[in-house]
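Have a look at the structure below before the remarks.
Per chain, numbering begins at 1; letters A, B, ... match sequence-line order. None of the values given here were measured: they were computed from a predicted structure.
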There are 4 protein chains.
Amino acid sequence: MTIAEGDVPVRGGRPRDPACDAAILRAALDVFAEAGYAGVSIEGVAARAGVGKATIYRRYANKAQLMADAVRCGVYVDDHLPDTGNLRADLMAMMQPLVDRMRSEDGKLLTAFAIERFRDAELAEEFDRAVIGHKRDHLRHLVRAAIQRGDLPADADVDLIAEAAPAYIWHHALYGLPIADNLLERILDLVLP
Amino acid sequence: MTIAEGDVPVRGGRPRDPACDAAILRAALDVFAEAGYAGVSIEGVAARAGVGKATIYRRYANKAQLMADAVRCGVYVDDHLPDTGNLRADLMAMMQPLVDRMRSEDGKLLTAFAIERFRDAELAEEFDRAVIGHKRDHLRHLVRAAIQRGDLPADADVDLIAEAAPAYIWHHALYGLPIADNLLERILDLVLP
Amino acid sequence: MTIAEGDVPVRGGRPRDPACDAAILRAALDVFAEAGYAGVSIEGVAARAGVGKATIYRRYANKAQLMADAVRCGVYVDDHLPDTGNLRADLMAMMQPLVDRMRSEDGKLLTAFAIERFRDAELAEEFDRAVIGHKRDHLRHLVRAAIQRGDLPADADVDLIAEAAPAYIWHHALYGLPIADNLLERILDLVLP
Amino acid sequence: MTIAEGDVPVRGGRPRDPACDAAILRAALDVFAEAGYAGVSIEGVAARAGVGKATIYRRYANKAQLMADAVRCGVYVDDHLPDTGNLRADLMAMMQPLVDRMRSEDGKLLTAFAIERFRDAELAEEFDRAVIGHKRDHLRHLVRAAIQRGDLPADADVDLIAEAAPAYIWHHALYGLPIADNLLERILDLVLP
DNA sequence: ACATAAGCGAGACGGTACGTCTCGTCTTCTG
DNA sequence: CAGAAGACGAGACGTACCGTCTCGCTTATGT
């Protein structure tokens with residue numbers, strides 16, 4: 001499940017070359033890391049990947065979709081959506097990988113991409129659809145389930161609790177505040193009873 | 001301090017037409033509001049401003065500089081730093097104006113400016129020094145004072161409480177989440193006891 | 001052999017569209033005839049031809065090359081280089097078409113182009129390389145062969161005899177002297193024994 | 001009669017600075033010599049002359065007029081019309097000065113002037129009336145006189161013989177062919193018996 | 001003597017065109 | 001049929017000049 005549109009195993013004909021998939025994503029991330037989003041061009045990615053332009057356009061409708069998928073596959077891949085019945089543990093499991101990645105070398109890449117995401121409505125939409133959306137939904141689901149269980153009061157603010165970790169983490173990243181190892185724990189200490 | 005390069009009034013030659021300065025910035029902001037950053041083109045701005053392209057390039061080296069200045073000029077900031085001894089009231093007084101503007105037409109502009117701030121280290125530094133910095137400091141000061149007064153427990157997480165409102169507000173703005181009228185109250189309900 | 005650079009059919013890739021070749025040359029000549037060389041702009045030609053600018057620049061490096069080829073293909077095409085062993089007949093066969101064209105409506109166009117050729121070193125070079133050069137060479141070759149055969153004395157002035165027709169014809173055209181039907185015959189009567 | 005519009009010493013105001021006239025023409029000719037007609041720009045000439053653009057536009061409406069005047073001022077003509085009864089000697093005496101100047105530094109200038117002459121009907125008429133016209137007439141007169149004397153056969157082609165030297169010389173100049181020292185002699189050898 | 005009027009260097013102004021680049025689509029050929 | 005190669009129409013990029021228009025100054029003349 002690497003390619004956004006899922007695999008379309010059309011019948012007949014030569015199958016898509018998985019080596020191309022990889023080469024394209026690899027090249028896209030490399031170029032982005034070197035030159036920023038504005039410096040990415042489909043032609044450049046194609047050349048670097050040793051691939052024809054059509055081979056990219058056969059997979060992605062445009063640059064935004066390509067980059068959204070590249071970032072997802074390259075640095076965002078933990079698609080684990082835990083649901084153990086322990087809200088705090090589930091939130092930790094979901095968000096700690098993001099904190100870790102933000103503290104690593106990938107942090108800068110991720111932040112740079114996020115910023116581009118804000119500038120380009122198309123890119124934002126693609127990325128939210130492909131990567132962020134169902135995580136956000138799951139966060140809300142976890143909080144609501146906790147209320148149902150009685151672990152949170154009935155009038156708890158579902159949205160704010162669910163968004164707490166992303167909001168604080170990105171706020172730190174964007175404003176260059178240090179992201180401590182225990183940042184996530186402190187956030188949850190603050191917003192969970 | 002409107003135009004990026006400062007005023008270089010060199011002597012000799014016809015002076016720059018201030019009406020052009022205004023028309024360019026006005027047009028840049030208009031186009032931006034309609035089409036987003038990616039939708040801004042120098043040619044479009046020039047046409048809309050009724051100005052030659054050279055008249056823009058005489059002032060700005062490229063789109064990035066133009067938009068940085070446009071958005072900077074389109075953003076004003078008020079500077080009220082209340083300190084009444086009531087933490088919740090002070091935080092409300094400080095942050096509600098930001099919420100209000102975010103909900104107004106200016107919201108897009110403010111958000112755009114923030115994004116540019118993230119991209120441009122120089123802009124970031126200048127802006128933090130001139131506008132953000134002492135607000136952030138004051139927020140921390142208010143929280144610490146509340147602890148001192150015993151209004152907050154001694155082990156309260158100063159940084160997270162102080163940053164709560166900005167973090168949530170910008171998070172909502174950047175991710176396009178609706179900013180409700182009572183957003184600030186809900187945030188304070190969550191992070192203050 | 002319409003396009004200057006010869007056909008470079010490299011393998012792979014979509015081949016150049018011959019319809020574009022034609023549309024471009026047609027449009028270039030039309031615009032030139034209407035507005036003169038100075039009035040020709042690549043953008044105008046592209047628009048008139050219903051073609052992207054890049055499609056022209058893919059074929060010609062600049063306006064000079066385009067116009068050189070356009071004139072060659074449009075009004076200069078008789079690439080017949082006769083060599084029958086009869087000097088006078090060969091010279092007649094080579095040059096009479098030019099005289100005829102000079103006497104026709106195309107004459108003005110041709111003259112206008114020649115003048116531009118003189119003003120623009122780049123255009124001159126392009127045109128000589130693509131159109132004039134091998135004709136000039138062939139003229140010299142014919143005269144030398146005639147000397148070899150003994151049809152001309154051994155000390156005949158190869159260059160002047162070879163250039164006689166072009167020199168007189170262009171002289172008449174440029175100075176607005178009437179170009180008589182039998183001009184070429186009179187020239188050859190004068191310079192051939 | 002140096003400046004196109006003649007001198008209009010209207011009353012009042014500061015008079016035109018003759019030093020500017022000179023500097024402009026000087027610079028125009030210099031730039032022309034270095035970069036050719038197409039390489040001349042008013043801005044370049046102004047800069048080289050140390051003069052504002054308006055100071056040029058006050059004198060000439062556009063580049064064509066500037067260059068026409070520049071080249072006109074750079075060209076002088078001598079007016080010796082010999083008639084000794086020796087056709088060959090007279091033709092030599094009339095045309096050798098032109099050959100000599102064509103071989104000198106002035107050659108480019110003369111050629112440039114001729115080209116401008118072809119483009120500008122007004123300039124052409126003026127120049128033919130003032131300079132070329134009676135020379136052309138005199139050439140014909142000399143040839144006809146030679147026929148009368150029996151030095152040329154009765155059916156000699158007056159026009160072609162009379163135009164031979166100008167035609168060949170200008171042909172060489174315009175096409176960049178080398179103009180040899182003995183070019184004129186060779187021409188006369190060819191067209192005179 | 002001093003207002004009037006124009007010339008002057010400098011350079012901004014609204015434009016046009018340049019030649020380059022990338023976009024996303026479309027053909028053709030090769031494996 | 002997938003893939004590489006690359007042509008295609010479209011249109012923005014940043015640059016260079018065009019010819020016009022202020023600026024603040026200088027330089028003669030005509031009262």
Candidates dA12(E), dC13(F), dA17(E) - which lies nearest the side chain of Arg16(B)
dA12(E)
If you assign each of Ala49(C) and Lys63(B) to its closest nucleotide in DNA chain F, which residue comes earlier from the 5' end?
Ala49(C)
Using a 4.0 Å heavy-atom cut-off across all strands, classify Ala54(B) as base, sugar-phosphate, or nothing.
base
Is there a ring-ring contact (aromatic ring centres under 6.0 Å, His included) between Phe113(A) and Phe127(A)? Walk through the geometry before answering.
CA-CA 10 Å; Phe113(A) 181 77; Phe127(A) 195 67; 4.8 Å; yes
By nearest-nucleotide position on DNA chain E, the 5'-leaning member of Gly52(B) and Ser41(C) is Gly52(B)
Return whichever of Val51(B) or Val51(D) has its heavy-atom-nearest nucleotide of DNA chain E closer to the 5' end.
Val51(D)
Return the value, rounded to whole Å, for the distance between atom CD1 of Ile56(D) and atom C1' of dG7(E).
14 Å
In whole Å, I'd like the distance from the CG atom of Leu66(A) to the C1' atom of dT22(E).
14 Å
Would you mind reading off the distance between Gln65(A) atom CD and dG24(E) atom P, rounded to a whole angstrom?
10 Å
Applying side chain to side chain contact (heavy atoms under 4.5 Å, CB included), can you list everything that pairs with Glu34(A), at least two apart in sequence or on another chain?
Arg48(A)
Rounded interatomic separation in angstrom, taking OH from Tyr57(A) and P from dA2(F)
19 Å
Phosphate oxygens OP1/OP2 of dC21(F): is one of them under 4.0 Å from a side-chain N or O of Arg14(B)?
no
Looking across every strand, which nucleic acid part, if any, lies under 4.0 Å from Gly44(B) by heavy atom: base, sugar-phosphate, or nothing?
nothing
Determine: side-chain N/O of Arg58(A) to OP1/OP2 of dG3(F), distance under 4.0 Å, yes or no.
yes
Return the value, rounded to whole Å, for the distance between atom OH of Tyr37(C) and atom P of dA17(E).
14 Å
Please report, rounded to the nearest Å, how far the C1' atom of dC23(E) is from the CD atom of Glu122(A).
11 Å
note: Asp17(B), atom CG; dC23(F), atom P; distance rounded to Å ~ 9 Å
If we ignore hydrogens and angles and just use 3.5 Å, is the side chain of Lys63(B) paired with the main-chain N or O of Ile42(B) as donor and acceptor?
no
For a quick check, tell me whether the side chain of Lys53(C) and the base of dG11(F) share a donor-acceptor pair closer than 3.5 Å.
no
Would you say Thr55(D) reaches dG7(E)'s phosphate, i.e. side-chain N/O to OP1/OP2 under 4.0 Å?
no
Counting N and O atoms only, with roles assigned by atom type, does the side chain of Asn62(D) sit under 3.5 Å from a partner on the main chain of Gln65(D), one being a donor and the other an acceptor?
yes
Of Glu43(C) and Asn62(D), the one whose nearest nucleotide on DNA chain F sits closer to the 5' end is Glu43(C)
Sorted by chain and residue number, the ring-ring contact (aromatic ring centres under 6.0 Å, His included) partners of Phe32(C) (sequence neighbours excluded) come out as none
Winner on side-chain proximity to Ile42(B), out of dC23(F), dT28(E), dG14(F), is dG14(F)
